[in-house]
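One structure is given here, and the rest of the page talks about it.
Numbers restart at 1 for each chain; the letters A, B, ... are given by sequence-line order, proteins then strands. Quick note: numbers below take in every heavy atom, side chains included, and nothing from hydrogens, waters or symmetry partners.
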Number of protein chains: 2
Amino acid sequence: MLFSRSTEYAIRTLVYLAMNASESHRIGIKKMAKDLGFPEHFLGKILQDLAKKRVVVSSKGPHGGFYMDDDAKNRSIISVVEIIDGLGFFDQCGLGLCECNEDKPCPIHKNYQIFKGDLFKLLSEKTINDMKEDLIKGVAFMNFE
Amino acid sequence: MLFSRSTEYAIRTLVYLAMNASESHRIGIKKMAKDLGFPEHFLGKILQDLAKKRVVVSSKGPHGGFYMDDDAKNRSIISVVEIIDGLGFFDQCGLGLCECNEDKPCPIHKNYQIFKGDLFKLLSEKTINDMKEDLIKGVAFMNFE
DNA sequence: ATAATAAAAGATAACAAGGTCTTTTATTCT
DNA sequence: AGAATAAAAGACCTTGTTATCTTTTATTAT
């Protein structure tokens, strides 16, 4: 698995929020967990992290819940990965060597660097909004249920 | 991390064996663990798996130990990954969706497929012997110490 | 045969990731 | 103010991976 489960849940949750929630229509953890099929309390933890980093807006009390403001919807996927998992993956050697760099590359260094670079680019360019648009257009699917 | 620690250890151990061991000069777990800096018993387990799958030849008793025959040295990296971790990574969705395929792709499906394909190709084409050659030529490094 | 050597095998421990539960705090509505 | 709602916070449990330890089995040399 490329990313942790937490990151996967986070990305899918954000797309869900971008599509379904707004300042005037906040959505609570319970409903989200049910709709997305995620464990409720685990999702709570993830949303807590996302709220601290201002990726989502949270509010307590009746009619409380979460939503994303327009800025946040333009966040790249990679910025979400960064918040939850960190970006360690992108500077690690494919063979797990601690000393592996341009000067002393491991036997798959060069190609692996290219692979990581391409992936980084993809995840940097794609935003939550892009994903939402793809879903609306019907060119991508994400199976909430 | 792309692969498990076991797979990383396995690959590095095989390159080490390709370079240093032979039918007439078998190397034991203790020496390998020391040279490579891996936990001895953990390495033992990995070598056991590799021996079962005929990637290495093992023999007990005095002057026992491990070596690779020439066939095995031409193994691809991917075949080692397959033995230890399996190839699940290569048919999994980048977002962890269970239903994600050409018909119902997730929003990053297409590009992610390409990356996985490229990586698979790289790991399929590169053999243990290739890595050994790179190290001998001095175009790659692997920091046995 | 016996002793020494070395891998195989199995049991167990340590740790991290994933997931659950309970209590606390903040907000809203009556 | 008080009751209800909902997130925040923290403690705790479960599972899987990583690592270690001990016993058994096979081989070799004396």
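- Formation of a donor-acceptor pair under 3.5 Å by the B:K73 side chain with backbone atoms of B:L14 is not found in this model.
- Residue-level contact check: A:H41 touches the bases, meaning some heavy atom is under 4.0 Å from a base atom.
- When heavy atoms are screened at a 4.0 angstrom cut-off, A:L47 is found touching no nucleic acid atom at all.
- Contact between the side-chain N/O atoms of A:Y9 and the OP1/OP2 oxygens of C:dG19 is found at a separation under 4.0 Å.
- A:E40 has its CD atom 12 Å from the P atom of C:dT22, to the nearest Å.
- In this structure, A:K30 atom NZ and C:dC21 atom C1' are separated by 13 Å, rounded to whole Å.
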Practice task
Under the side-chain contact (heavy atoms from CB on, under 4.5 Å) rule, what do A:N74 and A:I128 come out as? Steps first, then yes or no, please.
Solution key: CA-CA 6 Å; A:N74 285 317; A:I128 301 296; over 6 Å; no
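- Taking only side-chain nitrogens and oxygens, A:R5 never comes nearer than 4.0 Å to OP1 or OP2 of C:dA17.
- Per the geometry, CD1 belonging to B:I29 stands 12 Å off P belonging to C:dA9, to the nearest Å.
- To the nearest 0.5 Å, atoms CG (A:L122) and CD1 (A:I77) are separated by 6.5 Å.
- Put simply, CZ on B:F42 is 18 Å from P on C:dA13, counting in whole angstrom units.
- You can see that DNA chain D meets the heavy atoms of chain B within a 4.0 Å-exclusive cut from D:dT18 to D:dA29, reading 5' to 3'.
- Taking all atoms of both residues into account, the shortest heavy-atom contact from A:C93 to A:C106 is SG-SG, 3.7 Å.
- If you take NZ of A:K45 and C1' of C:dT20, they are 10 Å apart, rounded to a whole angstrom.
- B:K52 comes within 4.0 angstrom of sugar-phosphate atoms only, judged by non-hydrogen atoms across all strands, and of no base.
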Exercise for the section: Under the side-chain contact (heavy atoms from CB on, under 4.5 Å) rule, what do A:F38 and A:T13 come out as? Steps first, then yes or no, please. Expected result: CA-CA 9 Å; A:F38 298 161; A:T13 301; 3.4 Å; yes
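- Counting non-hydrogen atoms under 4.0 angstrom, B:G44 reaches nothing in the nucleic acid.
- Closest-nucleotide positions on DNA chain C for A:P39 and A:K60 were compared, and the one nearer the 5' end corresponds to A:P39.
- Residue A:K126 holds its NZ atom at 12.5 Å from OG of A:S76, rounded to the nearest 0.5 Å.
- Straight-line distance from the NE2 atom of A:H63 to the C1' atom of C:dT30: 13 Å, rounded to whole Å.
- Residues A:K116 and A:D91 approach most closely at NZ-C, 4.0 Å, considering heavy atoms.
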